[in-house]
Protein chains: 2
Amino acid sequence: MSTYHHGALRPALLEAAGKILETDGAGALSLREAARRAGVSHNAPYRHFPDRDSLLAALAAEGFALLKHEVHLRPEGDMGMAYVEFALRHPQRFRLMFGGLLPLDDYPELRAQAQGSQASLQRAFADLGEDSRFAAAAAWSLVHGLAHLLLDGHFAEAQRASGGVAAFARKVLGSVRAARAQRSA
Amino acid sequence: MSTYHHGALRPALLEAAGKILETDGAGALSLREAARRAGVSHNAPYRHFPDRDSLLAALAAEGFALLKHEVHLRPEGDMGMAYVEFALRHPQRFRLMFGGLLPLDDYPELRAQAQGSQASLQRAFADLGEDSRFAAAAAWSLVHGLAHLLLDGHFAEAQRASGGVAAFARKVLGSVRAARAQRSA
DNA sequence: ACCTGAACACCGTTCAAGT
DNA sequence: ACCTGAACACCGTTCAAGT
């Protein structure tokens, strides 16, 4: 009880909010419910977050840090797959990070974090096209769009035929890699 | 005044809701505000839509029909660009269609409509990779991801250097096409 | 500094009526 | 059949207090 009154409320709120986000999505996340789960009044969160958006922004920031970490655990050739797998493992977090719900102009640090994940993919797919800047954008677009469309269930049948989401994703990314390989041959 | 009481309320609500969607986004769209703009009580919409989600679903359906129409106006090689341009021209509509806000499992006709836009892109990018099914998925993913990332402003600097969003998008899509061309040479 | 409780203006949704 | 008005249980946010 008294622990929350001693400076641990902010992380407690983030944890409670994170759970709501994962299970019900950002749209269902209310400050009041997070406060309830943290055992404080509906008003206590305002000591730690100026408004609802800034709590969502903090959750998105956690997500960007985790995404960067998971992508960097992989060898370069597998970073695209790591990106897709992150989205599949944390669908609601991914939607919060990239769903346009947050006014990114008000949170420039979030956009910077998002571009941190692009820097890695750039190297991974650098030879997708000639100009490396456009190639990097194409690489990020490819894995980002694939992640989104998988989350929306738009490849449901194809996934079944491929034996699972991950196997399907690997084949889609692999088909582009194959085109690149033939080009250099 | 009395016109709305004679069967024209449904389209009037869709029009009012569409305007709110375009200016403030799906999150800010309330049934009560749509009803207000249509000049009826906050409760009248329930005669035409069972709940808020089904109004959003109707707006998304309009979007999918428009997307399909605009994509089919272009020659095959330009359909990817048409897809991106649709997203840029109707950002909030695009986010509603693909932002995960709607429970697509409850609206199977929407998912069918979404896949209608893929059918065209499949032909347009059919030689991106060997297996045409995976190549089609890669093509849709590429344009879809590019559209999303452009809307989120993640390519802001690169866009400036390229002289505008559309020019940048064209170069990104072109860089993939260039890789394909080199491969067949 | 951090938290509580009352208050206000919004929602979505339901129900009982009105025409 | 279609619409209104009252009502209920939620929100985000602000303000005046409490410790």
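The sequence lines fix the lettering, A, B, ..., with proteins before strands; numbering per chain opens at 1.
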Separation of [N] [atom2] from [X] [atom1] (nearest whole Å):
X	N	atom1	atom2	result
B:Leu56	C:dT13	CG	P	10 Å
B:Asn43	C:dC10	CG	P	18 Å
A:Asp24	D:dC10	CG	P	15 Å
A:Tyr46	C:dC8	OH	C1'	13 Å
B:Leu13	D:dC2	CG	P	13 Å
A:Arg47	D:dC15	CZ	P	12 Å
A:Glu33	D:dC11	CD	C1'	12 Å
A:Leu29	D:dC10	CG	P	16 Å

If you measure from [atom1] on [X] to [atom2] on [Y], what distance do you get to the nearest 0.5 Å?
X	Y	atom1	atom2	answer
B:Leu96	B:Glu22	CG	CD	11.0 Å
A:Ser175	A:Leu142	OG	CG	8.0 Å
A:Leu29	A:Leu21	CG	CG	6.0 Å

Checking all strands, does [X] fall into the base, sugar-phosphate, or nothing category for heavy-atom contacts under 4.0 angstrom?
X	result
A:Arg36	sugar-phosphate
B:Arg52	sugar-phosphate
A:His42	base

- prompt: According to a strict under-4.0 Å criterion, is A:Ser30 in side-chain N/O contact with OP1 or OP2 of D:dC11?
  reply: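 The answer is yes; a side-chain N or O of A:Ser30 sits under 4.0 Å from OP1 or OP2.
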
query: OP1 or OP2 of C:dC3 sitting under 4.0 Å from any side-chain N/O of A:His48?
result: yes

field: Over 12 non-hydrogen atoms of neighbours within 6.0 angstrom of NE2 in A:His72
entry: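 Enclosed.
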
Plane angle bin for A:His154 and B:Trp140 - parallel if under 30°, tilted between 30 and 60°, otherwise perpendicular: tilted

message: A:Phe94 vs A:His144, test: ring-ring contact (aromatic ring centres under 6.0 Å, His included). Steps then yes/no.
response: CA-CA 10 Å; A:Phe94 187 78; A:His144 190 76; 5.4 Å; yes

- prompt: Should B:Phe98 and B:Leu101 be counted in the same cluster of Ile, Leu, Val, Met, Phe, Trp and Tyr side chains packed under 4.5 Å apart?
  reply: no

message: Could you write out DNA chain D as dot-bracket? Rules: Watson-Crick or G-U wobble, both distances under 3.5 Å, brackets [ ] for crossings, | for pairs with another strand, dot for unpaired.
response: ||.|||||...|||||.||

- prompt: When you measure from the side chain of A:Leu31, which nucleotide among C:dC3, D:dT4, D:dG12 comes out closest?
  reply: D:dG12

task: Check every atom of C:dC3, D:dC11, C:dC11 against the side chain of A:Leu9 and return the nucleotide holding the closest atom.
output: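 Of the candidates, C:dC3 comes closest.
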
message: Let's test your reading of the model: under 3.5 Å, does the base of D:dT13 pair with the side chain of A:Arg32 as donor and acceptor?
response: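 Side chain to base: pair found, below 3.5 Å.
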
